[in-house]
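Beneath this line is the structure, given in C-alpha cells, with notes to follow.
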Amino acid sequence: MTTPTVDTIQALAAFLRTRRERLDPADFGLPSRRQRRRTPGLRREEVAELAGVSIDYIVRLEQARGLKPSAEVLEALAGALRLAPDERAYLFDLTQQRSRSADKPAATAAPALAQMVADLAPLPAMVLNHRFDILSWNGEMARLLLDFDTLPPSQRNAIWLCLLSPGMRDFYDDRDSVVRDGIAYLRTAWAAHPDDEVLADIIGEVASGHGELARLWAEQDVKVNGRGRKALRHPAIGPVAVTFETLAPLQDPTQLLVIYRAADEQSQLALDQLSAG
C-alpha cells in the first residue's frame, strides 16, 4: 500500500480557483448582472486584469499546466484575490517561494505578546521584530540589560546594542562569541529581508571600516540560534549567567518572544536581588 502524495501544482490550481470563486464582484465595483455569470466569483479575465497578467496565464495556472510563478506574480495574485495573511503564506509555500510581504516590520508588539511579556515577570522578557528592534519589554529585562526608554528608537535594537553600543562593550563575559553570533544573526536576517533599509544601515555600520566587526562580517557566517546561554557582567549584581529561549508565535510569526532564565542557583539569587530593586 502506497501513501498518496500531494501534487503541489494541482493544489495551487485548486487554491487559486476556489479563492477566485469566493470573491464578490460587487466588492470590486463590478456589476454582478452586467452579463449573466455562469460561475460564482470573479471571472478569470477580471483576476488577470487586477493582477496585471494575461488571461491565458490565469487559465494555465488554474488548469495546473506546470507554471512556476515568480514571487512578484504571486504578490500580484495575492493582492488581486485579496488573500488573508495565512492564505498568502500558503500560496508562497505551495510554490516554494519566500514572501516579501513581511519586509515591513512591526513597529509595536502585538497586544497579546506585550501582555505576555508583562505576565512573565519576574522572568526577563522582550519582543523583537525580524530586524531585532525591541518592541516591548518588562521591568526585569530593563533592569538586567538597560533602560530601553532612555534610548532613541534608532538605538533600541538588540543587534545594534550588542555590536555597536559603547556602553555594552564590557557587558558580555565572552564578548567575542556574542559578537560573532550577532553578526551571523544579522546576515541571516538580511538574506531574508534584503530590502529593509534600516537593516541595511546597521549592516553598513558593521561592514564599513577595517575593524573586528568588518572582519567578522566578511567571514560570511550565518546562524539562527533560538536557545543558548550568556554570561553577563552586571554593574549592580556582578556576574550572572542566563539561558535564553526565543519563540515565534504562530499568530504573529514576524515577532519573536525572548525569555531569559537564570542558568544556575547563584545567578537566580542575583536576578531575585535585581527584581526586588
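Values in this document were obtained by computation on a predicted structure and should not be read as measured data.
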Which atoms form the tightest heavy-atom contact between [X] and [Y], and what is the distance?
X: Leu144; Y: His234; answer: O-CD2, 3.0 Å
X: Glu140; Y: Ser275; answer: OE2-OG, 3.5 Å
X: Leu135; Y: Ala106; answer: CD2-O, 3.6 Å
X: Ala51; Y: Leu77; answer: CB-CD2, 4.0 Å
X: Ala184; Y: Thr188; answer: O-OG1, 2.9 Å
X: Leu83; Y: Arg88; answer: CB-N, 4.0 Å

Could you tell me whether Asp201 and Arg131 make a salt bridge, using a distance below 4.0 angstrom between a side-chain N and a carboxylate O?
no
Rounded distance (nearest 0.5 Å) linking atom [atom1] of [X] with atom [atom2] of [Y]:
X: Phe28; Y: Leu42; atom1: CZ; atom2: CG; result: 5.0 Å
X: Arg169; Y: Leu164; atom1: CZ; atom2: CG; result: 10.0 Å
X: Asp221; Y: Leu186; atom1: CG; atom2: CG; result: 12.5 Å
X: Gln97; Y: Ser70; atom1: CD; atom2: OG; result: 7.0 Å
X: Leu216; Y: Arg180; atom1: CG; atom2: CZ; result: 5.0 Å
X: His130; Y: Leu199; atom1: NE2; atom2: CG; result: 6.0 Å

Output yes when a side-chain donor or acceptor of [X] lies under 3.5 Å from a complementary backbone atom of [Y], and no otherwise.
X: Gln255; Y: Ala110; answer: yes
X: Arg156; Y: Leu151; answer: yes
X: Glu46; Y: Arg43; answer: yes

Check whether more than 12 heavy atoms from other residues, nucleotides or ligands sit under 6.0 Å from atom [atom1] of [X], and answer yes or no.
X: Glu219; atom1: CD; result: yes
X: Glu62; atom1: CD; result: yes
X: Glu87; atom1: CD; result: yes
X: Met116; atom1: CE; result: no
X: Arg65; atom1: CZ; result: yes
X: Arg261; atom1: CZ; result: no
X: Trp190; atom1: CH2; result: no

Indicate the ring-plane relationship of Trp137 and Phe148, choosing parallel, tilted or perpendicular according to the 30° and 60° boundaries.
perpendicular
In the single-linkage hydrophobic clustering (I, L, V, M, F, W, Y; side-chain heavy atoms under 4.5 Å), do [X] and [Y] co-cluster?
X: Tyr185; Y: Val178; value: yes
X: Ile9; Y: Leu12; value: no
X: Leu120; Y: Val258; value: no
X: Phe132; Y: Trp217; value: yes
X: Leu145; Y: Ile202; value: yes

Steps toward side chain to side chain contact (heavy atoms under 4.5 Å, CB included) verdict (Tyr57, Val73):
CA-CA 10 Å; Tyr57 194 87; Val73 170; 3.9 Å; yes
[X] vs [Y] side-chain heavy atoms within contact, under 4.5 Å:
X: Thr95; Y: Pro69; value: yes
X: Val47; Y: Leu81; value: yes
X: Leu123; Y: Asn138; value: no
X: Leu16; Y: Leu91; value: yes
X: Asp133; Y: Leu128; value: no
X: Leu61; Y: Val53; value: no
X: Asp173; Y: Pro239; value: no
X: Ile259; Y: Phe244; value: no

Using side chain to side chain contact (heavy atoms under 4.5 Å, CB included), reason through Arg82 and Asp27 one step at a time and then give a plain yes or no.
CA-CA 11 Å; Arg82 297 189 177 181; Asp27 291 339; 3.7 Å; yes
Stepwise, does the salt bridge (charged side-chain N to carboxylate O under 4.0 Å, His left out) test hold for Asp174 with Arg229?
CA-CA 11 Å; Asp174 186 2; Arg229 177 185 173 115; over 6 Å; no
Applying salt bridge (charged side-chain N to carboxylate O under 4.0 Å, His left out), run through Asp56 and Arg60 and close with a yes or a no.
CA-CA 6 Å; Asp56 179 65; Arg60 293 166 66 192; 3.7 Å; yes
Set out, in order, the CA-CA distance, both residues' side-chain angles and the distance that settles side chain to side chain contact (heavy atoms under 4.5 Å, CB included) for Thr254 and Asn129, then state yes or no.
CA-CA 6 Å; Thr254 62; Asn129 61 17; over 6 Å; no
Evaluate the side chain to side chain contact (heavy atoms under 4.5 Å, CB included) criterion for residues Arg215 and Glu212: first the C-alpha distance (whole Å), next the side-chain angles of each, then the deciding distance (0.1 Å), finally the verdict.
CA-CA 5 Å; Arg215 177 182 61 79; Glu212 170 198 21; 4.2 Å; yes
